[in-house]
Amino acid sequence: QVQLVESGGGLVQAGGSLRLSCVASGRTFSTYAMGWFRQAPGKERDTVAAISRNGGNTYYADSVKGRFTISRDNAKNTMYLQMNSLKPEDTAVYYCNGLRDWVTRAPLYPDWGQGTQVTVSS
């Protein structure tokens, strides 16, 4: 099991951009599909984007499609989420995790990191 550390969140006005990073330890990063998840207070954790092992396939939730771009650099054990045209409803804590199943988009690792806070003001 790898250790995942998220960074890059912050406070931004609506319409702005942020770039999140997820750095993984260990040698097996390239073995797994990965996903970005987010959770707002009082709400369920949602999968916002996912990427296959080699980056060839991606998934985006309808709410972020066309605005967010997921990518990965396996050589650097790093995954990214470029977020453009941010909206107040994007406000949440963003987490990264392995992806256990492409259809269900279930997370691979049972333990979640601290995440990174994204706050979008109007």
Side-chain angles (χ1 to χ4, degrees):
Q1 185 170 333
V2 302
Q3 181 179 8
L4 304 170
V5 180
E6 303 93 342
S7 64
L11 175 63
V12 65
Q13 291 186 340
S17 298
L18 287 171
R19 182 178 173 88
L20 307 185
S21 297
C22 170
V23 180
S25 64
R27 303 174 181 175
T28 60
F29 177 78
S30 63
T31 303
Y32 306 104
M34 299 288 293
W36 284 99
F37 306 78
R38 69 184 182 187
Q39 186 169 27
K43 298 181 64 178
E44 292 287 317
R45 183 175 54 236
D46 296 324
T47 306
V48 298
I51 188 167
S52 60
R53 290 174 294 172
N54 62 3
N57 293 317
T58 57
Y59 160 84
Y60 298 97
D62 288 342
S63 59
V64 307
K65 192 173 299 182
R67 300 187 297 117
F68 290 10
T69 302
I70 189 171
S71 62
R72 66 191 297 167
D73 186 340
N74 289 344
K76 298 183 182 297
N77 286 346
T78 303
M79 180 177 64
Y80 305 95
L81 186 67
Q82 178 67 47
M83 305 185 295
N84 298 327
S85 302
L86 283 163
K87 304 175 180 179
E89 50 263 46
D90 295 318
T91 296
V93 178
Y94 284 70
Y95 303 89
C96 63
N97 206 325
L99 202 68
R100 177 161 51 84
D101 184 86
W102 193 258
V103 176
T104 65
R105 297 179 294 276
L108 177 64
Y109 304 113
D111 297 326
W112 297 85
Q114 292 181 316
T116 185
Q117 176 71 52
V118 171
T119 303
V120 184
S121 65
S122 58

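Since the structure is predicted, the reported quantities are computational estimates derived from the model, not experimental observations.
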task = Mind jotting down which residue pairs meet the ring pair (Phe, Tyr, Trp, His ring centres under 6.0 Å) criterion with at least one end in residues 49-93? Sequence neighbours excluded, please.
result = none
message = Walk me through whether Trp36 and Glu6 qualify under side chain to side chain contact (heavy atoms under 4.5 Å, CB included).
response = CA-CA 10 Å; Trp36 284 99; Glu6 303 93 342; 4.0 Å; yes
ask   = Does the side chain of Leu4 reach to within under 4.5 Å of the side chain of Tyr95, using non-hydrogen atoms?
value = no
inquiry  = Suppose we screen for side-chain hydrogen bond (donor to acceptor under 3.5 Å, both in side chains). Which residues come up paired with Ser52, at least two apart in sequence or across chains?
reply    = Asn54
key: Sequence neighbours excluded - salt bridge (Lys or Arg N to Asp or Glu O under 4.0 Å) pairs with any residue from residues 80-109   = Arg38-Asp90, Arg67-Asp90
ask   = Between Arg72 and Thr78, does a side chain to side chain contact (heavy atoms under 4.5 Å, CB included) hold up when you go through it step by step?
value = CA-CA 6 Å; Arg72 66 191 297 167; Thr78 303; over 6 Å; no
task = Check salt bridge (charged side-chain N to carboxylate O under 4.0 Å, His left out) between Lys65 and all other residues, then give those that pass, not counting sequence neighbours.
result = Asp62
remark   = Contacts of Phe37 meeting ring-ring contact (aromatic ring centres under 6.0 Å, His included) (sequence neighbours excluded), chain-then-number -> Trp112
message = Test: salt bridge (Lys or Arg N to Asp or Glu O under 4.0 Å). Region: residues 40-54. Which pairs qualify, not counting sequence neighbours?
response = none
ask   = If we only count heavy atoms from C-beta on, is the Met83 to Tyr94 side-chain gap below 4.5 Å?
value = yes
Joint hydrophobic cluster, Ile70 plus Val93, side-chain heavy atoms closer than 4.5 Å = no
Under 3.5 Å, side-chain donor or acceptor atoms of residues 11-24 against the rest of the protein: list the pairs with distances, not counting sequence neighbours.
from: Ser17; atom 1: OG; to: Asn84; atom 2: OD1; distance (Å): 2.9

task = With side chain to side chain contact (heavy atoms under 4.5 Å, CB included) as the test, would you mind laying out the steps for Leu99 and Leu108 before giving the verdict?
result = CA-CA 5 Å; Leu99 202 68; Leu108 177 64; 5.9 Å; no
key: Set of side-chain hydrogen bond (donor to acceptor under 3.5 Å, both in side chains) partners for Thr119, sequence neighbours left out   = Gln117
query = How long is the gap from SG on Cys96 to CD1 on Ile51, to the nearest 0.5 Å?
reply = 12.5 Å
